[in-house]
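Structure first, commentary second.
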Amino acid sequence: MAPTKGEAATIFFSLLLFFLLPSTALSSVVEYLKLPLLHKDTFPPTPSQSLSSDIRRVNILYSSLCHHSAKLPLTSGASTGSGQYFVDLRLGTPPQRLLLVADTGSDLVWVTCSACRDCTRRRRNSAFLARHSSTYLPYHCYDKQCRLVPNPRSGACNHTRQHSPCRYEYSYSDGSETKGFFSTETTTLNASSGSSVKFKRLAFGCSFEASGPSITGPSFNGAQGVMGLGRGSISLASQLGRRFDVKLPIRPSVWAIDELGNGGTVMDSGTTLTFLAKPAYTRIVQAFKRLVKLPEADDPTIGFDLCVNVSGVSRPNFPKMSFKFSGNSVFSPPPGNYFIDTAEDVKCLALQPLTAPSGFSVIGNLMQQGFVFEFDKDRSRIGFSRHGCGTP
């Protein structure tokens, strides 16, 4: 299947299909997606860095970079009269098993979605049940990722509403079309080493409407979507070689020290919580409220602006936050350092706004836990590392 827009790709076929990742990948080793052709009968069952303490920006990470090659078994549909190859994909938390058509001629990864609450009458594995996944997240229509897919309704986007999802329409050359929400979700891939690699933020289309012969006809053969493997930025192959981040729009002056010596940021082992200048704090809290899919706590802890109910969730999944310092070093504490237990089944974002205009931002000891810090007073530098320190 070929999209109406996008780059054509030259694909070399042999016993294995190799897809080179973009040159922007952070590893010097060639990474690739490895898809062995399998008979349908074999289809599987269900070091310290030195840096200054001057913060340049804060990122909320949507996904982590996959440094491994990955392999996805392909199964031929010939035995059932289909000319397609299919890929088994595990999507969501807990994982839901879906069968997708492997397509090197298009870019979008999309699955048939259902918004049902009580899905007992729906045939198992006939669609992705978005409400049954604790990690499903539609992009907001204002997110920059929303511009990666055709989005004819972008003009109607309400930038101020928290629940204003990114809508997409994606067409193929034969007139087939899928419509829905451009979203992110967790998925697990098999690494070439034999281990599993959890790809934390796969961008994909959650399709609520599909039409046309190539994605609804007999050749589709009961598949629940398409795995786009082309060269475009939203294909699976391209996503394996990059990470999405929300470089938050915080002005550098928010972190700067003024002519009177006010402002700046300190690492303080004597302060528990992290206090950030109010413009930065507001942006960060807004981003977390948009990204965290857990329900807000019925009885939030006083003094915190974001508290969520984690009852029944053994390992809640939170977006990752990182601080970029001058010198291009990045401090990336684990979510457990900034989402803390404040009551039974309640976790709160352990950040506070800095209200005094003459004050300075503080990275407190909760945010520092699990790291070893080295302070070089002579050269006004800070070093940090997780080596030699227990993981929090």
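- Remark: side-chain polar atoms of T104 are not paired, donor with acceptor, to backbone N or O of L229 under 3.5 angstrom.
- T271 places no side-chain N or O within donor-acceptor distance of the main-chain N or O of L273, the cut-off being under 3.5 Å.
- When every heavy atom of S183 is checked against every heavy atom of C206, the shortest pair comes out as OG-CB, 3.8 Å.
- Side-chain atoms of T93 and T186 include a donor-acceptor pair closer than 3.5 Å.
- Considering all non-hydrogen atoms of both residues, I215 and S176 come closest at CG1-CB, 3.9 Å.
- Annotation: side chain of Q239 is in contact with side chain of L202 (closest heavy-atom distance under 4.5 Å).
- L294 and P316 get closest at one heavy-atom pair: CD1-CB, 3.8 Å.
- A salt bridge does not link D107 to R231: none of the charged side-chain nitrogens sits closer than 4.0 Å to a carboxylate oxygen.
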Do I234 and V149 pass the side-chain contact (heavy atoms from CB on, under 4.5 Å) test, and can you show the C-alpha distance, the side-chain angles, and the key distance before you say yes or no? CA-CA 8 Å; I234 57 175; V149 289; 3.5 Å; yes

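- Between the side chain of S235 and the backbone N or O of G230, at least one donor-acceptor pair lies under 3.5 Å.
- Side-chain contact between V346 and D341 is absent, with no heavy atoms from C-beta onward closer than 4.5 Å.
- The ring of F318 has its center no closer than 6.0 angstrom to the ring center of Y338.
- At a threshold of 4.5 Å between non-hydrogen side-chain atoms, the residues F384 and M267 do not count as touching.
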Show the numbers, then the answer: is there a salt bridge (Lys or Arg N to Asp or Glu O under 4.0 Å) between D305 and K289? CA-CA 10 Å; D305 288 330; K289 284 185 175 180; over 6 Å; no

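- Looking at every heavy atom in both residues, A203 comes nearest to F182 through CB-CZ, 3.7 Å.
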Set out, in order, the CA-CA distance, both residues' side-chain angles and the distance that settles side-chain contact (heavy atoms from CB on, under 4.5 Å) for T187 and L89, then state yes or no. CA-CA 8 Å; T187 187; L89 181 71; 3.3 Å; yes

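- For L260, the CG atom is densely surrounded, since the number of other residues' heavy atoms within 6.0 Å is greater than 12.
- Using cut-offs of 30° and 60° for the angle between ring planes, the H140 and Y142 rings count as perpendicular.
- Within the 4.5 Å cutoff, no side-chain heavy atoms of S134 are placed close to those of N317.
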Please evaluate residues Y281 and F275 with respect to the criterion ring pair (Phe, Tyr, Trp, His ring centres under 6.0 Å), reporting the C-alpha separation (whole Å), side-chain torsions for both, the decisive distance (0.1 Å), and the verdict. CA-CA 8 Å; Y281 172 82; F275 292 81; 9.3 Å; no

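- Residues F204 and T184 are not in side-chain contact: their nearest non-hydrogen atoms beyond the backbone lie 4.5 Å or more apart.
- The SG atoms of C166 and C141 do not sit under 2.5 Å apart.
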If you apply the rule side chain to side chain donor-acceptor pair (under 3.5 Å), what do you find for Q368 with S269, and how did you get there? CA-CA 8 Å; Q368 300 173 38; S269 63; 5.8 Å; no

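- Under a 3.5 Å cut-off, the side chain of D268 and the backbone N or O of G270 do form a donor-acceptor pair.
- No donor-acceptor distance shorter than 3.5 angstrom exists from the side chain of Q224 to the backbone of R97, with no hydrogens or angles considered.
- For D258, the salt bridge (charged side-chain N to carboxylate O under 4.0 Å, His left out) test picks out no residue, with sequence neighbours left out.
- Paired with T178 under the rule side chain to side chain donor-acceptor pair (under 3.5 Å), one option of Y172, W110, Y168 passes, and it is Y168.
- Between D88 and R90 there is a salt bridge, with a side-chain nitrogen of the basic residue lying less than 4.0 Å from a carboxylate oxygen of the acidic one.
- No option in V266, I257, N262 other than V266 meets the side chain to side chain contact (heavy atoms under 4.5 Å, CB included) test with F360.
- The backbone N or O of K278 lies less than 3.5 Å from a partner atom in the side chain of T282, making a donor-acceptor pair.
- Of all the heavy atoms in N337 and P333, the pair that sits closest is ND2-CB, 3.8 Å.
- In this structure a side-chain-to-backbone donor-acceptor pair under 3.5 Å is missing from Q96 to F128.
- Between F208 and F181, the gap from one ring centroid to the other is short of 6.0 Å.
- Counting heavy atoms from C-beta outward, L91 and Y136 have side chains that stay 4.5 Å or more apart.
- The shortest side-chain heavy-atom distance between E185 and L137 does not fall under the 4.5 Å cut-off.
- The minimum heavy-atom distance between S361 and A277, with the atom names listed, is OG-N, 3.0 Å.
- Looking at I340 and T342, their side chains come closer than 4.5 Å, going by heavy atoms from C-beta outward.
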